Number of protein chains: 2
Amino acid sequence: MRACDMDRVKGLPLFADAAADTFRVATAGAHLQRFPAGTMLLLEGDPVDFLYVLLDGQVELHGTWNDHETVLAILRPVSTFILAAVVLDADALMSARTLERCEILMIPGDAIRTAMRLDPRFAMAVSRDLAGCYRGLVRTVKNHKLRNSVERLANYLLALRAADNSGGVVRLHHEKRILASLLGMTPENLSRAFSALQAVGVNVQGAVVTLSNVAALEALAKPDPLIDNHAPRGGDIVAEADAEVWSSERNRAGGEAGARTASAGRRND
Amino acid sequence: MRACDMDRVKGLPLFADAAADTFRVATAGAHLQRFPAGTMLLLEGDPVDFLYVLLDGQVELHGTWNDHETVLAILRPVSTFILAAVVLDADALMSARTLERCEILMIPGDAIRTAMRLDPRFAMAVSRDLAGCYRGLVRTVKNHKLRNSVERLANYLLALRAADNSGGVVRLHHEKRILASLLGMTPENLSRAFSALQAVGVNVQGAVVTLSNVAALEALAKPDPLIDNHAPRGGDIVAEADAEVWSSERNRAGGEAGARTASAGRRND
DNA sequence: CGCGCATTTGAGGACTGTCAACTTCCGTGG
DNA sequence: CCACGGAAGTTGACAGTCCTCAAATGCGCG
């Protein structure tokens with residue numbers, strides 16, 4: 001493993017606070033591996049033997065049922081994934097597949113669990129990481145249960161814009177059919193959702209999306225800090241520490257989240 | 001706090017493994033409180049000062065957006081909730097409301113965080129708890145994205161049956177409109193979903209549901225161990241340790257989960 | 001007994017998925 | 001450099017699912 005890779009791993013919130021020994025032990029048994037695009041790293045139901053650290057490339061996490069598949073998260077460097085299964089030494093609930101050529105550090109699950117026992121600071125970091133992942137998923141569920149597909153897409157675009165601090169032009173990081181699945185719709189409907197957003201100044205040109213009327217888009221999207229990690233807080237409150245990898249917002253470019261309906265309201269309560 | 005309550009708290013996976021000292025310190029600053037039905041314990045967006053331990057009654061966790069509300073989880077004793085926010089000392093992403101008269105132990109968040117720093121075994125237990133919660137939500141997302149409303153209801157009923165190890169008769173633990181929201185539909189559609197399940201031997205009589213043809217119900221529901229925590233594993237595999245509170249399967253009686261479409265398949269990819 | 005609320009039922013419409021045809025894009029190979 | 005083939009993305013037509021509104025029914029509590 002290159003020194004710079006080592007530094008990148010050490011820079012993860014998960015390891016930043018760990019004792020030097022902990023880090024050394026954990027990475028001692030680790031190995032760096034390269035995978036071509038389209039490789040299945042992990043199949044749901046399989047035992048999980050490693051904590052994965054994505055150093056380069058993109059990885060998709062998905063689930064299947066009854067011959068259907070849905071994308072649950074898309075990871076970009078630097079991210080760890082499958083931490084929850086490692087902590088519990090349990091079977092994977094999601095499959096992982098490379099979307100492009102990837103460089104991945106694989107740390108034995110035993111090493112992680114041992115390190116947690118020996119280093120309370122590391123155990124604490126794991127807890128914080130998992131708490132952040134959990135909260136990311138709460139946002140996702142709220143997003144899906146409280147918003148329709150056009151609203152989800154609108155918020156996704158705003159999240160992209162916030163993440164790339166791009167002005168009025170954002171680039172989609174994935175194929176549209178992957179994005180459609182992540183947002184919980186079919187490719188056809190994603191296409192129609194983009195059309196619908198033309199009315200608020202959204203134009204698509206391949207992977208390049210121009211937002212010519214952000215105010216109108218925001219009026220439609222109604223981003224909410226309790227769903228969308230990028231959305232502005234009310235007062236002068238400090239940004240929360242959710243951080244962390246996985247389906248955490250940063251990786252998904254703020255894509256998924258979730259929150260909703262009031263006591264009297266309706267819509268998919 | 002009564003001694004028997006103390007024992008119930010100590011019996012939680014979260015505390016079972018903790019040092020005696022840890023438990024003493026944590027519960028020293030705690031106070032037991034009773035709330036009438038319909039009390040808002042916590043509003044989303046509020047700072048979280050306590051870890052809540054539900055000892056008696058039922059609590060609903062919900063999220064709101066744009067004047068709509070959705071139920072994210074329903075908790076029954078003994079459960080802790082809001083642990084993720086406590087670990088991160090962050091604002092709540094969900095609101096909590098009592099559904100009936102409740103008895104709740106409130107442990108200061110500081111005490112929890114301090115205990116984690118001092119007691120690695122406790123920190124480890126927190127990690128395991130959060131990992132279980134996380135996996136519960138992964139199941140929920142798969143359930144919602146991969147199944148339609150009738151399928152979700154069918155699996156919910158099977159989960160209830162498994163939890164209560166009832167034969168062909170299960171009791172609903174909540175009002176139908178709450179259940180509808182938890183399952184991601186309107187009360188009207190829950191009613192229609194029940195009607196649809198008559199074809200596979202499901203009959204509703206108030207809160208009492210009789211399942212006269214479990215085989216047919218299962219054929220429709222297609223329960224999956226990677227979505228439904230109750231579903232049978234393939235071989236002689238040991239049941240996983242997900243356990244834990246919160247939106248964990250046990251509380252929701254195995255209700256929620258989620259996963260979906262295969263590469264070629266469709267339906268809400 | 002009557003009121004209020006939860007639940008049910010019906011009708012209609014909005015949203016989303018399915019199927020099929022067409023266009024565009026892109027990499028391969030001639 | 002250009003033609004070809006396949007995949008991705010679009011569009012249209014249609015159907016199924018789900019939500020909304022309204023009204024009726026049933027149940028529990030005062």
Side-chain angles (χ1 to χ4, degrees), chain A residues 36-38 60 65-71 99-101 144-154 172-198 202-209 220 260-269, chain B residues 37-38 60 66-71 99-100 143-154 172-198 202-209 220 260-269:
Chain A
E60 161 202 294
W65 178 77
N66 193 30
D67 204 35
H68 286 272
E69 172 177 323
T70 193
V71 173
L99 291 178
E100 29 182 79
R101 188 164 183 281
H144 277 283
K145 288 182 78 176
L146 289 165
R147 290 173 172 161
N148 65 24
S149 57
V150 174
E151 290 165 340
R152 290 198 298 274
L153 175 59
L172 304 178
H173 298 149
H174 339 285
E175 287 180 10
K176 292 208 184 79
R177 72 197 168 79
I178 305 284
L179 177 59
S181 180
L182 179 66
L183 293 178
M185 54 185 121
T186 58
E188 295 94 324
N189 272 329
L190 175 61
S191 198
R192 290 175 187 120
F194 270 120
S195 306
L197 288 182
Q198 283 186 358
V202 174
N203 272 82
V204 195
Q205 211 69 255
V208 178
V209 182
L220 185 156
R260 150 87 48 23
T261 19
S263 67
R266 285 308 197 61
R267 184 200 289 186
N268 183 22
D269 294 356
Chain B
E60 161 203 294
N66 194 29
D67 205 34
H68 285 270
E69 172 177 324
T70 193
V71 173
L99 291 179
E100 29 181 79
N143 190 37
H144 278 283
K145 288 182 79 176
L146 291 165
R147 290 172 172 162
N148 65 25
S149 56
V150 174
E151 289 164 341
R152 290 198 297 275
L153 174 59
L172 304 178
H173 298 149
H174 339 284
E175 287 182 11
K176 291 205 184 80
R177 72 199 168 79
I178 304 284
L179 177 58
S181 180
L182 179 66
L183 293 178
M185 56 185 119
T186 57
E188 293 95 324
N189 271 329
L190 176 61
S191 195
R192 291 176 186 119
F194 271 120
S195 305
L197 289 181
Q198 282 187 359
V202 174
N203 272 81
V204 195
Q205 215 63 269
V208 179
V209 182
L220 185 156
R260 164 63 52 23
T261 21
S263 66
R266 284 310 195 64
R267 183 198 291 185
N268 182 22
D269 295 357

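Any value given below was found using the heavy atoms of this structure, including those in side chains, with hydrogens, waters and symmetry copies removed. The structure displayed is predicted, hence computed values, not measured ones.
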Anything under 3.5 Å between a protein N or O and an N or O of nucleotides 9-15 of chain D, put it in a table, one pair a line.
from	atom 1	to	atom 2	distance (Å)
D:dG9	OP1	A:K176	N	2.8
D:dG9	OP2	A:R177	N	3.1
D:dT10	OP1	A:K176	NZ	3.3
D:dT10	OP2	A:S191	OG	3.1
D:dT10	O5'	A:S191	OG	3.2
D:dG12	N7	A:R192	NH2	3.0
D:dG12	O6	A:R192	NH2	2.8
D:dA13	N6	A:R192	NH2	3.2

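Between the C1' atom of D:dT17 and the CG atom of B:L183 lies a distance of 16 Å, rounded to the nearest Å. In this structure, CG of A:N148 is placed 11 Å from P of D:dT20, rounded to the nearest angstrom. Rounded to whole angstrom, the span from the CG atom of A:L153 across to the P atom of C:dC15 amounts to 15 Å. We find that CG of B:L179 is positioned 13 Å from C1' of C:dA6, with the value rounded to whole Å. In this entry the distance linking NE2 of A:H144 with P of C:dT16 reads 12 Å, nearest Å. In this structure, CD of B:Q205 is placed 12 Å from P of D:dG26, rounded to the nearest angstrom. Atom CE in A:M185 sits roughly 23 Å away from atom P in D:dG16 (whole-Å rounding).
The distance from atom NE2 of B:H173 to atom CG of B:L179, rounded to the nearest 0.5 Å, is 11.0 Å. To the nearest 0.5 Å, atoms CG (A:L182) and CG (A:L190) are separated by 10.5 Å. Expressed to the nearest 0.5 Å, how far CG of A:L183 lies from CG of A:N189 amounts to 11.5 Å.
Counting all heavy atoms, side chain and backbone alike, B:A154 lies closest to B:L220 at CB-CD2, 3.9 Å. Nearest approach of A:V204 to A:F194, heavy atoms of both residues: CG2-CD2, 3.2 Å. Annotation for A:R152 and A:R147: closest pair NH1-O, 2.8 Å, computed over non-hydrogen atoms. In plain terms, the two heavy atoms of A:M185 and A:A193 that are nearest each other are SD-CB, 4.5 Å.
For B:Q198, the side chain to side chain donor-acceptor pair (under 3.5 Å) test picks out no residue, with sequence neighbours left out.
Overall, the helix from C:dC1-D:dG30 to C:dG30-D:dC1 carries an axis bend of 30° between its ends, with five pairs at each end and the value rounded to 10°.
Put simply, B:T186 has a side-chain N or O that comes within less than 4.0 Å of OP1 or OP2 on D:dC19.
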| message | Does A:V71 form a side-chain contact (heavy atoms from CB on, under 4.5 Å) with A:H174? I'd like the steps, not just the answer. | response | CA-CA 12 Å; A:V71 173; A:H174 339 285; over 6 Å; no
